[in-house]
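Every chain is numbered from 1, with letters handed out A, B, ... down the list of sequences.
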Amino acid sequence: MENRSSSEAFNSSQKVVTRFAPSPTGFLHIGGARTALFNWLLARHYKGKFLLRIEDTDRARSTQEAVDAIFNGLKWLGLDWDEDPVFQFSRAQHHVDLAKNLVDQGKAYYCYCTPEELEAMREDAKQRGVSPKYNGMWRDRDPKTAPAGINPVIRLKAPLDGETTLHDIVQGTVIVANSQLDDMILVRSDGTPTFMLSVVVDDHDMGVTHVVRGDDHLTNTFRQIQIYNAFGWDTPKYGHIPLIHGPDGAKLSKRHGALGVEAYRDMGFLPEAVCNCLLRLGWSHGNDEIISMQQAIEWFTTDNLGKSASRLDFQKMEKLNSYYIKNADNKRLLGIIMKFQKQISDEKQQRLLLGMNGLKQRAKTTIELNDMASIYTEDYTPSVPADKAILSILKDIYDALRELSDWTEENLDHCLHVLAANKELSFGKIAQPLRAVLSGRKITPGIFEMLFAFGKDESLKRLNIALGS
RNA sequence: GUCCCCUUCGUCUAGUGGUUUAGGACAUCGCCCUCUCACGGCGACAACAGGGAUUCGAAUUCCCUAGGGGACGCCA
């Protein structure tokens with residue numbers, strides 16, 4: 001019965017409130033983005049709220065740049081949040097006050113141990129082959145015996161025996177013996193609250209009902225449950241999802257994938273492709289692969305979350321990306337190209353728009369799209385071919401095209417095929433030289449599409465130059 | 001070291017005791033389409049970590065082993 005509680009966890013009439021709580025010590029990396037996506041999807045699916053909390057209590061490592069990167073990353077992915085973001089540090093005093101209440105109630109206590117003493121404790125525990133933890137030496141000691149000149153920390157008076165049970169939405173029921181856990185620090189000796197305390201208080205105060213996060217937090221959860229118990233609060237429902245690993249199966253590193261989401265944008269990925277790819281990492285809906293955000297909102301529940309770690313597959317992400325590029329609006333793609341290229345004249349923008357259908361089905365990334373787009377934006381001057389036969393073919397093409405009044409792809413197709421038939425040439429013999437004259441390249445979109453996009457004047461002009469006149 | 005989690009094709013996964021000769025997608029390799037390159041279509045290759053147990057029957061339940069990952073901070 002205590003397997004995956006799955007959607008049972010959502011049956012109550014209570015409104016679903018999820019959150020994403022990154023610490024602003026770096027960019028929004030791919031793992032964080034997936035966590036955000038899942039929480040966002042959950043909130044949108046149940047028509048609840050998706051909140052954002054910046055966990056900036058580590059003053060030394062938190063930066064404004066990172067905060068901006070996180071905001072921008074989420075926006076780029078299309079993950080909008082409800083209400084103003086909560087900055088955890090601004091609530092520090094409140095967290096500390098609550099911890100002191102716990103001390104007053106005898107549920108927490110001051111500890112005067114030095115870092116050296118703690119280090120010795122851990123060493124000793126390791127020697128004895130037990131879990132390295134604080135030994136509770138100040139748990140029941142009279143503070144009056146405290147050494148002078150030491151600022152104490154506040155520790156939770158955690159239960160010494162029994163066990164703490166977590167009914168995880170993803171992992172199922174997990175039980176840990178309380179003897180494995182120690183009296184965690186709630187308030188540091190400098191008077192600032194720890195992550196463990198702040199998370200609990202903020203999730204409670206923000207009314208968070210469901211926490212989906214990486215399973216590196218799984219063991220923290222038992223400690224947090226003990227804090228909830230000390231306060232007498234109900235815990236949210238937890239779902240711990242497996243981490244994303246690098247291509248080599250090891251923890252994601254900067255070398256392979258732990259990049260900021262903006263890096264994916266710069267590599268030429270569309271946000272919906274990144275989301276789709278992330279969605280399929282650890283979540284599935286039967287055999288469906290291409291899933292729009294709209295569809296994802298409809299389908300996403302915690303029922304189909306996987307329990308095992310996965311790796312990011314760039315090739316699959318590229319395939320997904322090429323699909324989304326192929327199906328993207330041409331004006332939108334033009335806008336993306338215009339961010340790559342400094343200035344594109346109105347005439348060339350028009351060309352680009354006419355030729356976009358052919359470009360976009362050949363691009364795996366927007367970078368490739370932009371590379372190919374230069375066929376239409378560069379001022380290419382063809383040279384005169386040395387081969388007489390080719391020259392002759394070009395002359396025939398020129399003559400045929402000059403007579404064409406209605407410049408449509410269909411007519412161009414017909415006109416050039418008739419020419420090939422009349423000259424008893426395979427169509428390739430006509431298309432390849434023409435392709436070179438028009439674009440200077442061997443690989444391009446279809447020849448009729450290019451002629452159409454360039455227009456009659458420009459097409460004939462390039463042919464004319466190639467003919468040496 | 002202690003505790004926790006995980007283990008289906010190379011990768012992402014479907015699969016919740018019989019409908020499965022284990023399905024799909026990416027990658028790879030063929031073929032078709034074809035004005036190049038793509039796209040698209042068709043097909044091939046390819047997996048239940050190992051061992052026990054339960055059962056008429058197990059990828060699916062239980063146990064053990066192995067491998068991988070995570071946590072053990074006055075970081076979050």
Can you check the distance between [N] and [M], where both ends of the measurement are the [atom1] atom (answer in whole Å)?
{"N": "B:G41", "M": "B:A25", "atom1": "P", "result": "9 Å"}
{"N": "B:U8", "M": "B:G68", "atom1": "C1'", "result": "16 Å"}
{"N": "B:A59", "M": "B:C48", "atom1": "C1'", "result": "5 Å"}
{"N": "B:C31", "M": "B:G10", "atom1": "P", "result": "25 Å"}
{"N": "B:U65", "M": "B:C3", "atom1": "P", "result": "12 Å"}
{"N": "B:U11", "M": "B:G69", "atom1": "P", "result": "14 Å"}
{"N": "B:U55", "M": "B:G70", "atom1": "C1'", "result": "36 Å"}
{"N": "B:G23", "M": "B:C9", "atom1": "C1'", "result": "12 Å"}

Any N or O donor-acceptor pair linking the side chain of [X] to the base of [N] at under 3.5 Å?
{"X": "A:S310", "N": "B:C12", "value": "no"}
{"X": "A:N220", "N": "B:A76", "value": "yes"}
{"X": "A:R362", "N": "B:C37", "value": "yes"}

For a quick check under 3.5 Å, do [X] and [Y] share a side-chain donor-acceptor pair by atom type?
{"X": "A:N276", "Y": "A:E272", "result": "no"}
{"X": "A:H414", "Y": "A:N411", "result": "no"}
{"X": "A:Y109", "Y": "A:D183", "result": "yes"}
{"X": "A:S198", "Y": "A:H95", "result": "yes"}
{"X": "A:E449", "Y": "A:N357", "result": "no"}
{"X": "A:T221", "Y": "A:H240", "result": "yes"}

Let's see if you can work this out: which of [options] has an atom nearest to the side-chain heavy atoms of [X]?
{"X": "A:E289", "options": "B:C5, B:C74, B:C12", "answer": "B:C12"}
{"X": "A:D313", "options": "B:U7, B:A76, B:G10", "answer": "B:G10"}
{"X": "A:N287", "options": "B:A14, B:C4, B:C35", "answer": "B:A14"}
{"X": "A:K307", "options": "B:A14, B:C5, B:U11", "answer": "B:C5"}
{"X": "A:K326", "options": "B:C39, B:A76, B:A25", "answer": "B:C39"}

Upstream residue (5' side of RNA chain B) when A:M317 and A:N151 are each assigned their closest nucleotide: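 So the residue in question is A:M317.
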Sugar-phosphate only, base, or nothing, as touched by A:G286 at under 4.0 Å among non-hydrogen atoms: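 Result for A:G286 = sugar-phosphate.
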Sugar-phosphate only, base, or nothing, as touched by A:L218 at under 4.0 Å among non-hydrogen atoms: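 Answer is sugar-phosphate: A:L218 comes under 4.0 Å of backbone atoms only.
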Could you state the [atom1]-[atom2] distance from [X] to [N], rounded to the nearest angstrom?
{"X": "A:L369", "N": "B:C39", "atom1": "CG", "atom2": "P", "result": "15 Å"}
{"X": "A:H217", "N": "B:C5", "atom1": "NE2", "atom2": "C1'", "result": "15 Å"}
{"X": "A:L305", "N": "B:C12", "atom1": "CG", "atom2": "C1'", "result": "15 Å"}
{"X": "A:I244", "N": "B:C5", "atom1": "CD1", "atom2": "P", "result": "22 Å"}
{"X": "A:L279", "N": "B:U13", "atom1": "CG", "atom2": "C1'", "result": "12 Å"}
{"X": "A:L278", "N": "B:A25", "atom1": "CG", "atom2": "P", "result": "22 Å"}

Under 5.5 Å and under 30°: A:H245 stacked on B:G68: no
Pairing nucleotide - B:G1, Watson-Crick or G-U, each distance under 3.5 Å: B:C72
